[in-house]
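Report on the structure given below.
Treat the numbers as computed from the prediction; the structure is a model and nothing was measured. In the text below, chain A, chain B and the rest are named by the order of the sequence lines, each starting its count at 1.
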Protein chains: 2
Amino acid sequence: MKLSTKGRYGLRAMIDLAIHSKENQVSIKSISERQEISENYLERIIALLKKAGYVKSTRGAQGGYMLTKKPEQISVGNILRALEGDLNPVDCSLINDDKVCLESGLCVTKFVWKRISDSINDVVDNISLQDLVNEQIEIDKSQLSR
Amino acid sequence: MKLSTKGRYGLRAMIDLAIHSKENQVSIKSISERQEISENYLERIIALLKKAGYVKSTRGAQGGYMLTKKPEQISVGNILRALEGDLNPVDCSLINDDKVCLESGLCVTKFVWKRISDSINDVVDNISLQDLVNEQIEIDKSQLSR
DNA sequence: ATCATATCCGAGTCATTTAGTAGGAATTAT
DNA sequence: ATAATTCCTACTAAATGACTCGGATATGAT
């Protein structure tokens, strides 16, 4: 019941992009340095985010990545689902369906999985990238004043 | 971000025990047959539940397993945590701590992980084994009347 | 006592997934 | 041209997940 590094690194990369790609393209290399994630691996992760439409790229020198939308318009749920797949605790095709599973014994547990799933999605869909950027700014402030 | 078979099978086994171990000991074999889970594997899973104190056993002929408490007193959270470990989406020692992570970049995401974690635990701690038994009874009824 | 029925328990296996690496092709600003 | 950059395919090592096996131990019934 854990997120993989894709989800964890990817969210950090997106926060990084939200902070640094306001005007300029941001290269993998610079994200990699700030976030201490290997360039190669980060590249793969950002490719997924690009494919999902949250990031756009420019190739060649001075190229790099930018967000396609404002950080307010991208939720943590968007990011995590792009990287991790659905956030359901089980693979059950009927989880969002009122049908009763064939095996009635399996069926009861479905209610549990659905409630877990709903609660996770509710949390991540109600945190925007901007919320995290704001948190980050607060943290940076409090670190400075010490 | 998935539960393993331990959690899924284990929850079904516990529901089975809640229904069938009211008077008699219930053998691995009989749970295995009803739930279609291999005896060997089920044995390992129930060992975990026993270790966690939710199940007790009697060895030898006519032996088997029983719940140690009433189904009302065992939550789905108790069961899942016994089988899966904590239900946090990341391994972060500071997740339940107000400390700031050393790497400030990592820290912001911690708020996300904590909120996910809290919401999952809130859901599973508020569903008791008895709730699921009741659901099961309802399902069985509606299946009968078709 | 013996035997069938159970749990207990350590070890081993096989497949899948995770978490990357490596290396080169394609693109573009300077 | 060249340096910087994304893009893309293939590969690998380690960890995890999902089991199986076989034998030891315990116990009620005959």
Exercise. Does B/Thr5 put a side-chain nitrogen or oxygen below 4.0 Å from OP1 or OP2 of D/dA18?
Worked result: yes
Exercise. Looking only at atom types and distance, does a side-chain atom of B/Ser75 sit under 3.5 Å from a main-chain N or O of B/Ile127, one as donor and one as acceptor?
Worked result: no
For this session: Would you kindly compare A/Met1 and A/Gln62 by the position of their nearest DNA chain D nucleotide and give the one closer to the 5′ end?
Result: A/Gln62
For this session: Look at A/Asp125 together with A/Arg81 and state whether they make a salt bridge at an N to O cut-off of under 4.0 Å.
Result: yes
Problem set entry | Any donor-acceptor pair under 3.5 Å from B/Glu39 side chain to B/Ile28 backbone | no
Seminar exercise, completed: Here the distance between atom P of C/dA6 and atom CG of B/Asn40, to the nearest Å, is 15 Å
Exercise. Given D/dT6, D/dC19, C/dA19, which nucleotide is nearest the side-chain atoms of A/Ser27?
Worked result: D/dT6
Problem set entry | A/Ser142 side chain to A/Ile139 backbone, donor-acceptor under 3.5 Å | yes
Exercise. Charged N to carboxylate O under 4.0 angstrom, B/Asp118 versus B/Lys114?
Worked result: yes
Exercise. Hey, which of these two, A/Ala47 or A/Arg44, hits DNA chain D nearer its 5' end, going by closest nucleotide?
Worked result: A/Ala47
Problem set entry | Atom-to-atom span, CD1 of A/Ile37 to P of C/dG20 - whole angstrom | 9 Å
Problem set entry | Any donor-acceptor pair under 3.5 Å from A/Asp131 side chain to A/Ser128 backbone | yes
Exercise. OP1 or OP2 of C/dG20 sitting under 4.0 Å from any side-chain N/O of A/Tyr9?
Worked result: yes
Problem set entry | Separation of C/dT16 P from B/Lys2 NZ (nearest whole Å) | 18 Å
For this session: Provide, to the nearest angstrom, the distance between the CD atom belonging to B/Gln25 and the P atom belonging to C/dC8.
Result: 10 Å
For this session: Have a look at B/Ile28 and say if it touches a base, only the backbone sugar-phosphate, or nothing, with a 4.0 Å heavy-atom cut-off.
Result: sugar-phosphate
Problem set entry | Any A/Tyr65 side-chain nitrogen or oxygen under 4.0 Å from OP1 or OP2 of D/dC7 | yes
Problem set entry | Under 4.0 angstrom between A/Ser57 side-chain N/O and D/dC7 OP1 or OP2 | yes
Problem set entry | Residue whose nearest DNA chain C nucleotide is more 5′ - A/Gly60 or A/Ser38 | A/Ser38
Exercise. In whole angstrom, what separates B/Asn24's CG from C/dT5's C1'?
Worked result: 15 Å
For this session: Looking at every strand, decide which applies to A/Glu43 at a 4.0 Å heavy-atom threshold: base, sugar-phosphate, or nothing.
Result: base
For this session: Using a 4.0 Å heavy-atom cut-off across all strands, classify A/Lys50 as base, sugar-phosphate, or nothing.
Result: sugar-phosphate
Problem set entry | Options D/dA18, C/dA25, C/dA19, nucleotide nearest the side-chain atoms of A/Arg59 | C/dA25
Exercise. Rounded to whole angstrom units, what separation is found between the CG atom of A/Asp91 and the P atom of C/dT16?
Worked result: 15 Å
For this session: Compare side-chain N and O positions of A/Thr58 against OP1 and OP2 of C/dT28 and report whether any pair is under 4.0 Å apart.
Result: no
For this session: Measure the distance from CG on B/Leu48 to P on D/dA18 and round it to the nearest whole Å.
Result: 13 Å
Exercise. In whole Å, what is the span from the OH atom of B/Tyr41 to the C1' atom of C/dT7?
Worked result: 19 Å
